[in-house]
Each structure stands twice: as structure tokens, then as C-alpha cells.
Amino acid sequence: MPTTPHILIVDDEPNIVMSLEFLMRKNGYRVSIARNGTEALEAIKQSPFDVVLLDVMMPDVDGYEVCRQLRQLPGQSHTRVIFLSAKSKEADIQKGYDAGADLYIPKPFSTRQLMTTIKELIGTNV
Amino acid sequence: MNTLLVICFSFGYLALLFGVAYAAERRSAARRSLVSNPYVYALSMAVYCTAWTYYGSVGRAAYFGLEFIGIYLGPTLMAPVAWLVLRKIIRICHVQRLTSIADFISARYGKSAALGALVTVVCVLGVVPYISLQIKAIAASFDILTGGGQGSMLAEGTVASSSALITTGALAFFTIIFGVRSVEATERHEGMVLAVALESLVKLVAFLAAGLFVTFGLFKGFGDVFEKAAAVPDLSRLFTLDGAGTSGPQWFTLLVLSMSAILLLPRQFQVSVVENVNENHLRKAMWLFPLYLIIINLFVLPLAFGGRLLAGQSIDADTFVLALPLQAGHPWLALLIYLGGLSAASSMIIVETIALSVMMSNHLLMPLLVRLPPARAESPSWFAYLGQVALHSRRLAVVVVLLLAYGYYAAVGHLLPLVNIGLVSFAAVAQFVPVVLGGLYWKGGTRQGATAGILAGFVVWFFTLVVPTMVGPNLLPSSILEQGLGGWSGLRPFALFGLTGLDYLSHGLFWSWFFNVGLYVGVSLLRMPSALEQRQAVEFVDVFHYRTGFEGPAGWQAGAPLPDVRALLTGFLGKKRTSQALHAFAERFPEVPDASENVATAQADPRLLAYAEKLLAGSIGPASARLLLSSSVGVEDISFDNVVGILRESQQLLEANRQLQKQQRQLQRLTGQLQVAYNQLQELDQHKDEFLYTVTHELRTPLTSIRALSEILTDNPDMEEEERHRFLLTITKESERLSRLITLVLDLEKYESGRATLEKSLVDVPDVLHDALESVGQLLRDKQIQLDVVVPPGLPLLPGDRDRLMQVLVNLLSNAVKSCRADGSGRISVVAEASADTLRITVEDNGKGIDPEFHQLIFDKFFQARNQTMRKPEGSGLGLAITKKIVELHAGRIWVESQPEQGARFSFELPLPVNERMSE
């Protein structure tokens, strides 16, 4: 059996973190939580993640920057990055992909669709 | 000296001058003009210095000291003004083809023939005695040189009439061959000008030679002459102006008269205006001519004193210049000086006579001839005949003028003291000053005004300045001087209307100008100028606005057959000049059918008629030209109504033009404003987009939680009860957040659109504050924040909307709470204070603070949109925007003072009604 996939949830909205955490645990993943950009950067330097769920708008370091830095790290070469953002403009989405995202899902999102997508991404990764 | 020798020299000299003149005209024809330069122009102006200067100045100086200098100071002082006045006159005369002062005045005041005739008569009467003075000077100097006559010369002369008659004849001959060879007077007399300039040089050299001879030959220099003169009491008196007996008014009169003369004497007008080649020559002449006057006057005093010291009373002072060298045994030097005097006199006579002859022909004879019945026969041969008549009449006029001068000399000249004839002449010409200056700068002068002014001035001039001279020779009874005309004492020539205390020249000038100016202005104001007068006034006063003689309103109606006009011009100008002129016109106005081509049916363009009129004016004067054109070619002179119509039309055009320019400026301004408005709109549009985006973004966050949690609850019916409850609670909270947001957005929209109104009442500030603190109490307790409230007693009641103010306070308080740390270190202080007219409330926290660069932006509802990836610390992003709106609705202001990590202090001030402070 492969190791349990490790998910990093990055968002400054506690209620959203709460729902995402419930979902991930429910599906049997390991979950780490970062409540802002700085915490997220610390987390990705310490351990590799299979999937990072990344908010864009945060008080300190924004999601784009976190993604860009993540792509520089050798330890995160297999990491899948999914942006979950209320910013839904075409330009914002493009910016997310430019920063190195695997997927950009606008908020509000469907939890079922999100889970299907995550499972697919983890499957190809394995 | 031998008479024959002197005669030979005299004629030889004049013949030499003629040779020079002839050569000059040949060169001029070959376009290598010797005359077209400022030096010749300035020298020709020196025709101002006549035999009166040459002989008379010394005579005056011998008894009246420096008084003689007055008439040279005037022109010198005039020099700077010349650029303004003289240049304008020159421009007008060139544009309108005017050739004399009579032309000028007549043309200015509606091309009046009568006015031209009046001016001519005044000129002739005023100037002929002056010419006779010159004739007398030549004759007398001739007699002195040949030993024919002894003694006095310019005063009480007993000179042989034969010399004078011969002189007159010779001068008439030379004048005619010098100046009256072509009919078109505007064609300049280059030969004559060069001859006059040369004569000016000769008289200067000869006079300086006389001065040098006396000063350094007979005396030992200037110092010697003046020292010896100072030793004689009668002469030393002349060293001061006071001692010489010249009063202030007299000086003033001399200055004014000579200023008038330099401008308006017929000969000065001829050389400085008609013969001017280039306006720019005036620039050099402006200082060259005064310089000439200074140089020629250098030796006047030494000669006068020298003469009085050496000859005493035995020789007439007027003859010192010639007599002193002769007495000292230098006949050749005397001959040179005689030739200098001849130069001075002959140049004056020639130029003056030419000017007068043109005036007489154009203003006395031509207006009569063009009215003759044959003139209406439209026969070209009649025009050609008229052209010949014009030429012959001018020659005749030369002879007439000189005969008049001789006659005056022969009849009364030997009886009258001639000393002041020059100044009396000046005074006659000065009568033109008001109408000329008025005509140059005032558009209101009329023909009647000008006529009345000149006539009155002339009559007074005659009565005060000429009548007294007739008493001496017993032509009039002396009772006129003592008892006045007809025994009425108010009409005494020297004390008109009882005015005494002035010398007779100042007295005459005062009264003549008094009536002249008074009637000119007074009569002119009596009625509106006629159409023609108005047009001419515009062309004179605004001459610098028109560029060429082709322009300006035409004043003729089309209708004359073109061949007739051409025939008329050919008659006066000759075939060659006519076709040249018509070609020039065709080049200027290509759209007008070419007048030089033979199209029998063509009608002359109104502009061509105006041009033809000006061409003819150059030959026969403006008044005659107008008469001729209207009577012989059969064109209708434009009616008064038509001219008024044209004027109004052009005024309307001007007005329309001004309007257009104004509108253009307005349009430009509007365009600018539109551009600004458009930019603002675009910005606003962008703001609206950003706002919408921000709002939807803010809405998405709670919506995301609600959706996610609901889905989880649906998909996981087997959830733990506690967790299920927590999720449901969160959903409720997020829904509340959503509706709060929507309310805020709608609120803000209401404030933005200006639809928000305040429900004003008198608000008790401590009370509202209390309620606001109450509503955030739970938040404060959650974060363990320490609260300080400072509310002084006796705060005035505040007029305002209680609920809105409450909203402001809650907003600021919850912001403060949000910014504080939750570790128990948070502090918030609220302070209320009142000044005379404002109430200020401050909410201060010790939280994370705000960077100064955001101090303005945080009150902006778009703040978050601009910082799209950086979330504002906490809150909707609309609270402060709404807070600000509410404060502003209360006519107050709100601001923040803060540094990062130093806490923030939000303050707002609201105005209090004056004198309505709550009392204790």
C-alpha cells in the first residue's frame, strides 16, 4: 500500500479550512494547515506534499508567490497545486497557471468535484 | 567783383546742378538710383535752411542772441516723433498717391475740392512772401558782391529790381526744367532731390567757410571772439536768454511753429513725404537732419559777434556773412559764400514752387476743368488733352507763383520789414496742424469742421500777424493797432479780445489755433461724418492695417465700361504706364478680368475703379480724380446708404469673425472638459467594475463555506452530532455575514447615489457612545481588551442621525477590536471632546497599525480591489467607506493617524451649531 497522501490546506478563512480539513480527513489523507502565506512557505520547506490547496488572497504572502516558490523547491517536484480562489477573472486564472498551478478552481466550488479531481491527480502521481 | 563774372558763376552753378539732376534721372531710369539712400534724403530735408538761415540767422543773433536757434530746436525735438507722425503721413500718401499737403487734407476730409482749394490758397498766400524773401536775398547778395548796392539787404531793402527780375526769370526756368516735366506728380523728382541735396551740402560748406574765416582768420578762435564780445556791454547782454529779451512764450511759439513747419511747409512735405523712396530712410534722417541743423548753426554766434565787433552799425547784420570776407579782401571766398546763399535760396524756391504749382493745378484748375461739358463726352482725346493741360497748368503755376513773389517784393516788399516773414509763413502753415493731426488720429473730423477750422485760423492769422505789417508802410491807418478794427478795442491785432502780455507771434498763434481747433472740433461734432469721410478716415487713421494701395473698401459700384477707364488712364499716364499699372493690378487680383486686354463689353471691377482713382489722384489730386471718374466715365458714385451697407457688412463680418474665434475657443475649452469628463467616466466605470468585483469576491467567501459545509452535511449523514451542529452553526453565521454584506453594499450604494437622507435630531453623545460600546462588548471581552472611555460632562447635544452615528461608532470600535491582539494586551481608548464649534470623537487602539501610504485608501471602498492579492486585515472593506460617507453627510471629517505596529487612532469631527451648547 502506498503511503498516505499528504495534503496542505492554505487559507485564511477558518470556516473554509474547517470544511476542507473535514473532507480530506474523510478521504483518508494526511492534512497540514497553513493560515497564511508565511506559514505555507514554512510548511513546504519542511516536508513534501502530494497536493497543496492554495488560496490566493492572504494578508501577507499571496498564493501566487507561494506557488512560484514551491516550484523552485526540489523536494516538491511531484507536488500538485490546486488554487481555490474567489478571484475568478480570466486574468487571475491565467496568472495562477503561469505561477505553476495544476488546476485553478474558482470559489464557491463543489466539494464532490474537488474530491474527484484530487483523487485523479494523486492517481496519476502514483 | 565783376558783374559778368558773378552772373557766369551763378548760371554756371545752376547749370551744373541741372547737369547733376539730369544725370541722376538717367541713372534712375537705368535703376541705379543715386537718390535712394538716407543720406540724400536727410540732405534734401535740409531745404528747410533757406537764405533766411544763411543770412538772417546771423542778423537775428547780432541783436537777439540765441533766439534764432528756436526754429532749429523745433525740428530737432520733432525727430523722435517723426517716426510716428511722418511715417504715417508717408504711408498714407504713398497708398493714396497724394502729392501735397492740399491733397492730403482734401483727401482726408471726403476728397473735398473746396477744402483742397482753401488749403492751396492759404499755402500760396502764406508762402509767396517767403519766396519773395528768397528772391530778394539772391538779388541783394548779388548786388553786394558786384558792388551794385550798398547797405541793407533783408531789411528796408532798396535793391535794384532788375537783379530781382532776372533772378525770378532764371529760377522759373530752372524750376520748370527741374520739376515739372512729367504729369504724374507721384513720379518722384529724383534729379531735383539730388540737386537739392547737393545744394544743401554746398550751403553748409560755404557757411562753415565763412564761419571759419571770421573766427580763425579775423579773430583768434572762438575764445577770442566771445571774450571780445563779452567786453562790450551791448553784446554781453546777448550771452543769456534773459538778457536777449526772449520770453518763455516766445520760445514755446518758436518751437511749435518750427515743428509745424518741418512737417507741413509745402517744400518740406515735398522732400520728406512725396520724394521719400523708402520709409526706412526716415530712421537715419531722424538724426542726420538735426545733426545738419546743429552744424550749420555752429558759427552763427561767432559771425554775429565778429560782425558787430568789426563793422559795428555800418553794415547790416544780415549781410555779415558775405560782407565780412569781402571787406577783408577775399572776393573768391565771398563768391563761394554767395553761391552758398544762392543754393539756400534757389533750392527753397524750386522745391516750394514745384509743390505750390502742383497744388494750384490740382486744386484750383483741375476741379474746374473736369466739370467742363466736354468732359462728359467720354472722348479719349479729351482725357489726353486734360493730361497735357495738367502739365501746362503746372508750368504756368510755377511762373504765376514766382511772379506773385516778385510782385509782392516789388510792390510791398521794399516797404515791409521782412525779418519775420519766415515766421509768419510758418504760422500760416501751422493752421493745418489741427486738421492734419486730427485727421491722422481722430476719425470724427468732417469736411465742414476742417474748412471752418482752417478758415477761422487763416482769418485770425491774417488779422493778428499780417495786418500789423501793413500799418508800417501806411497801407492801413495806425488807428487799427491802437483802437482796434472799426474802433472796437476788442479787435486790436496785437491784443485781440483784450489779451495782452504775449509777444505778437505767440498772441497770433494762440488766437488762430484757439479758433482753428475750436471750430474744427466743434463743427466736426455737429454731424456724423459722411460715408466717404468715414471711409477716408478709416484709410488714414488705420493706414498701417492696409498693406497696399489695392486694399480697403472700394467705394465704387461696378458699371463703367472697361475701355473707357483704360482710355481715361492712358490720357493721363500714357500708354506705357497705364499698361504697367493694369498689369500690376491683374497680378494682385487674378480673379478680376484682365483690364489690359481689349474686351469691349467688359465692365470695370469696383476695385479697379478705386485703383484707377488712386492712379489719377497722383496726377490731378484726389478730389479731381474722384470728380473725373464719376463724371466722365459715367460710373455711379456709391450712395451713402450703400457705403453704410458696406461698412455694416464688413463690421458684421468682423463681428462674425470674432464670434467664430470665440466659439472656437469655447469649443477647445469644451473639448478639454469633455476629455476630462470622459477620463473621469472611464475611471468611474473602472471603479464600478472593481467595486462589483470586490463585492462578488466578498460574497463568494461566505458562500464557499456555506456550499462546502452543506454538501458535506448532505454527503455524510452519519456525522457526529457535535460536528454536525458546529457545521450548521457555521452555515448560519456565514449566512448572516452574507446578508450583512448585502446590506452594506446597498447602504453604500445609497450614499454614493446621494439618496441617503439623515433623520436628524439632537443626539446625546455619551448616550450613543454607551450603546455602541454595549454592542461591541462581547467582542471586547472575547479578546480581553482593556477599554478606557473619556467623556467630559456637559457635552453639547449634537444635531444628527442617531442610528447613523451609532453605525459610525460601532464600525470604528469593531475595526479597533479586530486590529488588537487577542492575548490580553489589547487596549482601546475612546475620547469625546468639544470645542467652540466642533465635537471630536477619537477611537484609538494599540493594534497592528496602518502604513501611512494607506491612510487615505482605507476610506476608499475600492481599497481591496486595488490590492487584489493582499487581503485587507479583516472586515468587509466597505465599513470605513460607509463611515466616511456618514461623517461627510453630517458635514464633518474623518481621518486616521497611525504607524505599522504602533496602533491606529481614528478621529472624526462634527460641526456643532453655534451658541447652542448645552448648558449645565
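So that the names make sense, note that chain A is the first sequence line, chain B the second, and so on, each numbered from 1. For clarity, every value in this text was computed on a predicted model and none was experimentally measured.
The distance from atom CG of L769(B) to atom CG of L809(B), rounded to the nearest 0.5 Å, is 5.5 Å. Note: I731(B) CD1 to L738(B) CG = 12.5 Å, rounded to the nearest 0.5 Å.
In terms of modelled atom types and a separation under 3.5 Å, the side chain of S739(B) and the main chain of S735(B) share a donor-acceptor contact. At least one donor-acceptor pair closer than 3.5 Å links the side chain of S898(B) to the backbone N or O of G903(B). No donor-acceptor distance shorter than 3.5 angstrom exists from the side chain of D11(A) to the backbone of V17(A), with no hydrogens or angles considered. Distance alone, capped at 3.5 Å, is enough to place a donor-acceptor pair between the H855(B) side chain and the I850(B) backbone. Counting only distance, with no hydrogens or angles, the side chain of K885(B) and the backbone of L748(B) share no donor-acceptor pair below 3.5 Å. Side-chain atoms of D102(A) come within 3.5 Å of backbone atoms of V81(A) as a donor-acceptor pair (strictly under, hydrogens ignored). Between the side chain of K783(B) and the backbone N or O of K818(B), at least one donor-acceptor pair lies under 3.5 Å.
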Self-check item: Pair Q94(A)-D98(A), side-chain hydrogen bond (donor to acceptor under 3.5 Å, both in side chains): steps then yes or no
Solution: CA-CA 6 Å; Q94(A) 188 56 48; D98(A) 290 345; 3.1 Å; yes

Quiz item: Could you walk me through whether I858(B) and V896(B) pass the side chain to side chain contact (heavy atoms under 4.5 Å, CB included) check?
Solution: CA-CA 9 Å; I858(B) 51 167; V896(B) 64; 3.9 Å; yes

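Taking 4.5 Å as the heavy-atom cut-off, the residues of residues 715-723 of chain B that approach chain A are D715(B), N716(B), M719(B), E723(B), ordered by number. Contact residues of residues 704-713 of chain B toward chain A are T704(B), S705(B), R707(B), A708(B), L709(B), E711(B), I712(B) (heavy-atom distance under 4.5 Å). Proximity to chain B at a heavy-atom threshold of 4.5 Å picks out F22(A), L23(A), K26(A) from residues 21-46 of chain A, in numerical order.
The aromatic rings of Y97(A) and Y104(A) sit tilted, their planes meeting at an angle between 30° and 60°.
Remark: S829(B) pairs with D788(B), E844(B) by the side-chain contact (heavy atoms from CB on, under 4.5 Å) rule, at least two apart or across chains.
Proximity to chain B is absent for every atom of S85(A), based on heavy atoms less than 4.5 angstrom apart.
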